[in-house]
2 protein chains.
Amino acid sequence: MDQVEIFKALSNKTRLEILGWLKEPAIHFPNQPNPDFETVGVCVGQIQIKSGLSQSTISEYLSILQRADLISSTRVGQWTYYKRNQEGLEKLSKIINTEL
Amino acid sequence: MDQVEIFKALSNKTRLEILGWLKEPAIHFPNQPNPDFETVGVCVGQIQIKSGLSQSTISEYLSILQRADLISSTRVGQWTYYKRNQEGLEKLSKIINTEL
DNA sequence: TTGGCATATCGGGAAAAGTCGATATACATT
DNA sequence: AATGTATATCGACTTTTCCCGATATGCCAA
C-alpha cells in the first residue's frame, strides 16, 4: 500500500472519527443490534447514523479506509461489519517511526 | 495543529520525499553551497532542483510542511534554510500511537 | 540606487476529493 | 415470486489540491 494513500485516507475529519469510534465500539455504538460487535465490528448503518453524513458517503469512506489497510470488513447476511485492522495500524506506526 | 492538516501535508509524494531528503542532507544535497547545512538545513533552491518541480510549487510545499510543524526554517541573508522539526515529528508519532 | 539573486505570493487551469441523491445489488422474509 | 432492508456503485456538482508562470519582496553587491 502506497504511503500517500494511507495519509490521504487519514486526511479527513470524519474518517479519523470513524477510526476513533471503532476503538471503543461499546461506548460509541450503544444501540448496535448485534451483540457480537466487539469481535466482528460495527455495521455501516450505525456508523452512518453517528456520522450524520449520507449512506453513500460513509460507504465510500469505509472503503477508502479499508483500501489503506486501516480497517477490515466482514459480511454477515445483509450487514457489513467494519473494525480496526490492527496489523495495518501497526505498519503505519512503523512507517512513521522509521521511514518518515 | 489540526491532525487533519498534518495528514494532508503528508498526502503528497514530493512532500514525503522532501522530508526524507532532509533526514540525510549530506547524502541528498552533495552540492549544497553552505557547509553549515547539517545544522541549519537545506535552502529552497537545492530542494527545488532535486524535486524537478517549479520554484513556486516547492516554496508552497515547504510552507505546508512548516505549517504542519514537520519542518522549520531559518532565514540567512537571501536564503531560507529548511530542516526537519524533530519536536513536531515526535508529536505526530505520539498521535499515531495513542490517539489513532 | 540599480541590478541581480533567492524566496514568497498571486492568479489560474486541470485534476482529485467531498458529498449528495438515485439506482443497483445482495440477502432475508413472507 | 415479491417486497423490504443493508450496502455498494454511479453520475453530478462543488470544493480543494496540484502545479504552473508571472509578479512581488527582500537582501546583497556593484
Side-chain angles (χ1 to χ4, degrees), chain A residues 2-19 22 25 29 31-34 36-37 40-68 70-83, chain B residues 2-19 22 25 29 31-34 36-37 40-68 70-83:
Chain A
D2 183 12
Q3 285 183 212
V4 171
E5 291 306 313
I6 298 174
F7 290 124
K8 276 187 185 171
L10 296 170
S11 297
N12 177 284
K13 184 162 170 296
T14 303
R15 290 196 294 266
L16 286 180
E17 284 171 351
I18 291 173
L19 231 33
L22 294 181
F29 303 96
N31 298 326
Q32 170 76 23
N34 190 330
D36 204 25
F37 66 113
V40 83
V42 179
C43 72
V44 180
Q46 294 289 312
I47 297 171
Q48 188 253 310
I49 290 166
K50 190 162 178 71
S51 76
L53 295 182
S54 75
Q55 190 273 317
S56 54
T57 298
I58 292 307
S59 179
E60 171 151 22
Y61 280 9
L62 290 168
S63 73
I64 289 171
L65 287 169
Q66 180 160 235
R67 269 200 303 279
L70 298 170
I71 63 178
S72 63
S73 67
T74 317
R75 181 112 205 192
V76 178
Q78 37 192 163
W79 292 273
T80 307
Y81 296 92
Y82 283 93
K83 65 174 177 181
Chain B
D2 183 12
Q3 285 182 212
V4 172
E5 291 306 313
I6 297 174
F7 291 124
K8 277 187 184 171
L10 295 170
S11 296
N12 175 283
K13 185 163 168 298
T14 303
R15 289 196 294 266
L16 285 180
E17 284 171 351
I18 291 172
L19 231 33
L22 294 181
F29 303 96
N31 298 325
Q32 169 76 24
N34 190 331
D36 204 25
F37 66 113
V40 82
V42 179
C43 72
V44 179
Q46 294 288 311
I47 298 171
Q48 187 253 312
I49 289 166
K50 190 164 179 71
S51 75
L53 296 182
S54 75
Q55 190 272 319
S56 55
T57 297
I58 292 307
S59 178
E60 172 153 21
Y61 280 10
L62 290 169
S63 74
I64 289 171
L65 287 169
Q66 180 160 234
R67 271 200 300 280
L70 299 170
I71 62 178
S72 63
S73 68
T74 317
R75 181 112 206 192
V76 179
Q78 37 192 163
W79 292 274
T80 309
Y81 296 92
Y82 283 92
K83 64 174 179 182

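Below, read A as the first sequence line, B as the second, and so on, with proteins coming before strands; counting in each chain starts at 1.
- Side chain of S11(A) to backbone of F7(B): a donor-acceptor contact under 3.5 angstrom is found.
- Between Q78(A) and S63(B), the residue anchored closer to the 5' end of DNA chain C is S63(B), taking for each the nucleotide with the nearest heavy atom.
- Scanning atom types as modelled, no donor and acceptor separated by under 3.5 angstrom connect the side chain of S54(B) and the base of dG21(D).
- For Q55(A) and dA6(D), a side-chain-to-base donor-acceptor distance below 3.5 Å is absent, hydrogens and geometry of angles not being considered.
- Remark: T57(B) is in phosphate contact with dC20(D), judged by side-chain N or O atoms under 4.0 Å from OP1 or OP2.
- Of the side-chain N and O atoms in Y61(B), none sit less than 4.0 angstrom from OP1 or OP2 of dA8(C).
- Using a 4.0 Å heavy-atom cutoff across all strands shown, T80(A) reaches sugar-phosphate atoms only and no base atom.
- Backbone-only contact: L53(A) has heavy atoms under 4.0 Å from sugar-phosphate atoms and none from a base.
- Between the side chains of Q66(B) and S72(B), no donor-acceptor pair of N or O atoms lies under 3.5 Å.
- Counting any heavy atom pair closer than 4.0 Å across all strands shown, T14(A) reaches no nucleic acid atom.
- In this model, no side-chain donor or acceptor of E60(A) finds a partner on the base of dA8(D) within 3.5 Å.
- Side-chain nitrogen and oxygen atoms of N12(A) include at least one within less than 4.0 Å of the OP1 or OP2 phosphate oxygen of dG18(C).
- Looking at S59(B) and S56(B), their side chains never bring a donor and an acceptor atom within 3.5 Å of each other.
- Remark: R15(A) is in phosphate contact with dG18(C), judged by side-chain N or O atoms under 4.0 Å from OP1 or OP2.
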